[in-house]
A.B. asks: 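What follows is a structure written as structure tokens; I'll ask about it next.
Being a predicted model, the structure only gives us computed values, none of them experimental. In each ligand, atom 1 is the first atom listed, and ligand 1 is the first ligand listed.
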Amino acid sequence: MALVTMKEILEDASKRSYGVGAFNINNLEFLQAIIEAAEEENSPVIIAISEGAMKYGWVELLSSMVKTAAINTKVPMALHLDHGKNFDKILTAIRYGFTSIMIDASDKSYEENVKLTKEVVKVAHPLGITVEAELGRLLGKEDEVESDVAIYTDPDDAKRFVEETEIDALAVAVGTSHGAYKFKGEAKLDIERIKKINSLTGVPLVLHGASGVPHELVEEAQKYGAVLKGAKGVPDEEIKKAIEAGIRKINIDTDLRISFLLGVRKYLSEHPEIFDPRKYLGEGRAQVKKTVKKKMQLFSSSGKA
Ligand code: G3H
Ligand code: 13P
Ligand code: ZN
């Protein structure tokens with residue numbers, strides 16, 4: 001089927017209380033892995049392309065691949081711009097047929113965030129394109145300051161933000177961060193905050209930085225030479241509680257990157273004589289597929305397409 005909007009996917013997730021994975025891609029192999037997993041799990045799926053991915057994978061090529069793949073796929077699929085920061089990139093994504101856009105002005109003041117988000121809503125909504133925005137600030141890649149509870153999303157601000165901007169989905173800061181090093185101490189999310197924001201806003205909530213960075217995966221990658229000392233992600237139990245509390249879209253990139261890395265490293269170390277890229281990239285792809293399937297089961301989106 002043709003691409004659907006993210007709004008349509010998230011509405012069903014809200015109605016039936018499950019989470020949907022938004023998986024980042026930069027190239028062909030990740031896309032194939034995600035689609036095969038979604039088909040086998042009979043799960044709706046969101047393909048996420050960041051501004052960096054638009055550049056690396058050539059947005060005209062990446063978006064054509066996704067649109068062609070969607071037509072030949074049975075499960076509902078949305079194509080989403082992840083962390084759109086520049087208005088010209090947002091317009092480019094719209095031009096190439098993305099069915100969902102994230103405007104990330106979370107590093108700006110509340111007023112500036114509202115203003116920029118409203119500008120995107122004004123362009124996207126008449127075209128039937130979903131808009132996600134973020135309030136509060138995640139650590140890691142988005143910010144270099146030390147963890148501080150003051151940057152968590154404030155529930156009353158969230159209510160006002162959603163009313164003022166009329167967005168379709170809200171990304172919240174509740175304890176996660178991007179990348180492989182999310183927690184120094186206990187790995188916990190502010191579940192009560194999610195519940196409160198959910199009850200006040202009524203829009204589907206988005207969890208960025210949701211990778212689990214599973215111990216087994218990290219250990220195995222390290223066996224083949226990866227250096228990931230101190231890597232730590234969000235435990236599966238916290239993800240389940242977050243979904244119960246109202247999280248509907250769950251962003252996963254790091255777990256796919258580590259899975260791919262494991263596949264490629266393992267293959268190359270076991271077959272030093274091989275130089276056919278289809279062999280080692282194929283093994284990376286197989287590992288990504290395995291991880292995506294596990295996520296779909298964890299989020300309970302399996303069987304919901
Ligand atoms: O949160 C961002 C995603 O992990 C994409 O990362 O900007 O390096 O493509 P990227
Ligand atoms: P991870 O780094 O935890 O995979 O988060 C990805 C993300 O939030 C993409 O927007
Ligand atoms: Zn993110």
Side-chain angles (χ1 to χ4, degrees), residues 6 10 19-27 30-31 33-34 45-59 62-63 78-86 89-90 93 98 100-107 130-144 147 151 153 169-183 187-189 204-215 217-218 221 228 230-236 238-239 242 247-262 287-288 291-292 294-296 298-299:
M6 191 166 87
L10 296 182
V20 181
F23 301 101
N24 288 80
I25 66 159
N26 290 278
N27 64 7
F30 279 61
L31 177 63
I34 295 161
V45 68
I46 298 160
I47 304 292
I49 293 181
S50 68
E51 290 190 353
M54 282 172 80
K55 186 165 175 222
Y56 175 86
W58 303 358
V59 63
L62 274 190
S63 58
L79 174 55
H80 174 75
L81 172 65
D82 192 26
H83 294 284
K85 297 234 177 212
N86 300 292
K89 295 282 185 339
I90 290 173
F98 284 52
S100 176
I101 298 292
M102 176 188 188
I103 160 71
D104 179 2
S106 60
D107 56 341
T130 307
V131 180
E132 171 188 336
E134 178 169 325
L135 189 65
R137 229 188 274 182
L138 267 71
L139 297 175
K141 195 167 130 174
E142 285 186 317
D143 198 317
E144 275 158 18
S147 175
I151 57 169
T153 309
L170 176 70
V172 291
V174 292
T176 58
S177 60
H178 290 100
Y181 306 91
K182 299 184 190 299
F183 304 96
K188 271 189 96 58
L189 305 186
L205 302 180
V206 181
L207 189 65
H208 282 251
S211 277
V213 195
H215 193 63
L217 190 64
V218 169
L228 291 161
K232 196 169 182 182
V234 185
D236 286 357
E238 291 295 298
I239 294 288
I247 292 289
R248 296 290 165 250
K249 170 173 177 270
I250 303 159
N251 287 18
I252 303 289
D253 189 359
T254 298
D255 283 349
L256 308 191
R257 293 179 179 196
I258 300 175
S259 303
F260 194 78
L261 178 78
L262 164 64
Q287 291 291 342
V288 172
T291 296
V292 174
K294 278 192 199 156
K295 295 292 173 192
M296 289 171 165
L298 174 66
F299 305 160

A.B. asks: Just which atoms of ligand 2 are under 4.0 Å from any heavy atom in Asn24?
C.D. replies: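 Once the distances to Asn24 are compared, the set is 9 (C).
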A.B. asks: Might you work through the side-chain contact (heavy atoms from CB on, under 4.5 Å) test for His83 and Met102, ending with a clear yes or no?
C.D. replies: CA-CA 5 Å; His83 294 284; Met102 176 188 188; 3.9 Å; yes
A.B. asks: Measure the spacing between CG of Leu261 and OG1 of Thr254 and express it to the nearest 0.5 Å.
C.D. replies: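 Those atoms lie 12.0 Å apart.
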A.B. asks: Closer than 4.0 Å to some heavy atom of His178 - which atoms of ligand 2 meet that?
C.D. replies: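 Those qualifying, in numeric order: 2 (O), 5 (O), 6 (C), 7 (C), 8 (O), 10 (O).
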A.B. asks: Whether the side chain of Glu238 engages the backbone of Ala187 through a donor-acceptor N/O pair (distance < 3.5 Å, no angle test) should be reported.
C.D. replies: no
A.B. asks: With heavy atoms only and a cut-off of under 4.0 Å, state how Asn251 meets ligand 1: side chain, backbone, both or neither.
C.D. replies: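 Neither part.
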A.B. asks: Assess whether side-chain contact (heavy atoms from CB on, under 4.5 Å) is satisfied between Ile252 and Val292, documenting all intermediate values.
C.D. replies: CA-CA 9 Å; Ile252 303 289; Val292 174; over 6 Å; no
A.B. asks: NE2 of His208 to CD1 of Ile250: how many Å apart, nearest 0.5 Å?
C.D. replies: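 One finds 11.5 Å between NE2 of His208 and CD1 of Ile250.
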A.B. asks: Would you check the N or O atoms of Lys182, main chain and side chain alike, for any that come under 3.5 Å of an N or O of ligand 2?
C.D. replies: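 Yes - when backbone and side-chain N and O of Lys182 are compared with those of ligand 2, one distance drops under 3.5 Å.
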A.B. asks: Distance under 4.0 Å to a non-hydrogen atom of His208: what atoms of ligand 2 satisfy this?
C.D. replies: 8 (O), 10 (O)
A.B. asks: When you measure from the heavy atoms of Arg257 to every atom of ligand 1, does any distance fall below 4.0 Å?
C.D. replies: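 It does; at least one heavy atom falls under 4.0 Å.
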A.B. asks: For the atom pair CG (Asn251) and OG1 (Thr176), what is the distance rounded to the nearest 0.5 Å?
C.D. replies: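 If I round to the nearest 0.5 Å, the distance is 9.0 Å.
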A.B. asks: Please state which option from His208, His178, Lys85 has its nearest heavy atom closest to atom 1 (O) of ligand 1.
C.D. replies: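 Result: the heavy atom closest to atom 1 (O) of ligand 1 is in His178.
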A.B. asks: Just which atoms of ligand 2 are under 4.0 Å from any heavy atom in Ile252?
C.D. replies: 4 (O)
A.B. asks: Relative to the heavy atoms of His83, which atoms of ligand 2 are at a distance of less than 4.0 Å?
C.D. replies: 10 (O)
A.B. asks: For ligand 1, is there an N or O atom under 3.5 Å from any N or O atom of Ser50?
C.D. replies: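 Indeed, backbone or side chain, Ser50 has an N or O that close.
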A.B. asks: With a 4.5 Å limit on heavy-atom distance, are the side chains of Ile49 and Asp82 in contact?
C.D. replies: no
A.B. asks: Any atoms of ligand 1 less than 4.0 Å from a non-hydrogen atom of Asp253? List them with their elements.
C.D. replies: 3 (C), 4 (O), 5 (C), 6 (O)
A.B. asks: In ligand 2, which numbered atoms sit nearer than 4.0 Å to a non-hydrogen atom of Ser211?
C.D. replies: 1 (P), 3 (O), 4 (O)
A.B. asks: Applying side-chain contact (heavy atoms from CB on, under 4.5 Å), run through Asp253 and Ser211 and close with a yes or a no.
C.D. replies: CA-CA 7 Å; Asp253 189 359; Ser211 277; 5.5 Å; no
A.B. asks: When you measure from atom 10 (O) of ligand 2 to every protein heavy atom, which one gives the shortest distance, and what is it?
C.D. replies: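 Looking only at protein heavy atoms, the one closest to atom 10 (O) of ligand 2 is Asp82 OD2, 2.7 Å.
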A.B. asks: Tell me, which protein residue and heavy-atom name are nearest atom 8 (O) of ligand 2, and how many Å apart are they?
C.D. replies: Gly209 N, 2.8 Å
A.B. asks: As an exercise, identify every atom of ligand 2 less than 4.0 angstrom from a heavy atom of Gly179.
C.D. replies: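 Result: 2 (O).
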A.B. asks: Test of understanding: given a 4.0 Å heavy-atom threshold, classify the contact between Asp82 and ligand 1 as side chain, backbone, both, or neither.
C.D. replies: side chain
A.B. asks: Any idea which part of Ser50 is under 4.0 Å from ligand 2, heavy-atom wise: side chain, backbone, both or neither?
C.D. replies: neither
A.B. asks: Ignoring hydrogens and angles, tell me if any N or O in the side chain of Lys182 forms a donor-acceptor pair with the backbone of Ser177 under 3.5 Å.
C.D. replies: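 Side chain of Lys182 to backbone of Ser177, a donor-acceptor pair under 3.5 Å: yes, one is there.
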A.B. asks: Nearest N/O/S atom of His208 with respect to the Zn ion (ligand 3), by atom name, please.
C.D. replies: ND1
A.B. asks: Between His83 and ligand 1, which part of the residue brings a heavy atom under 4.0 Å of the ligand: side chain, backbone, both or neither?
C.D. replies: side chain
A.B. asks: Using side-chain contact (heavy atoms from CB on, under 4.5 Å), reason through Leu135 and Val172 one step at a time and then give a plain yes or no.
C.D. replies: CA-CA 6 Å; Leu135 189 65; Val172 291; over 6 Å; no
A.B. asks: What atoms of ligand 1 come within less than 4.0 Å of a heavy atom belonging to Asn24?
C.D. replies: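 Ligand 1 atoms under the 4.0 Å threshold to Asn24: 3 (C), 5 (C).
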A.B. asks: Please state whether the rings of Phe260 and Phe30 are parallel, tilted or perpendicular, taking 30° and 60° as the class boundaries.
C.D. replies: tilted
A.B. asks: So which heavy atom on Tyr181 is nearest to which on Leu228, and how close?
C.D. replies: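 Tyr181 and Leu228 have their closest heavy atoms at OH-CA, 3.5 Å.
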A.B. asks: Asp253 to ligand 2: N or O pair under 3.5 Å?
C.D. replies: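 Yes, there is a polar N/O contact under 3.5 Å.
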A.B. asks: Between atom NZ of Lys249 and atom CD1 of Ile46, what is the distance when rounded to the nearest 0.5 Å?
C.D. replies: 6.0 Å
A.B. asks: Among all the protein's non-hydrogen atoms, which is closest to atom 2 (O) of ligand 2, and how far away is it?
C.D. replies: Thr254 OG1, 2.6 Å
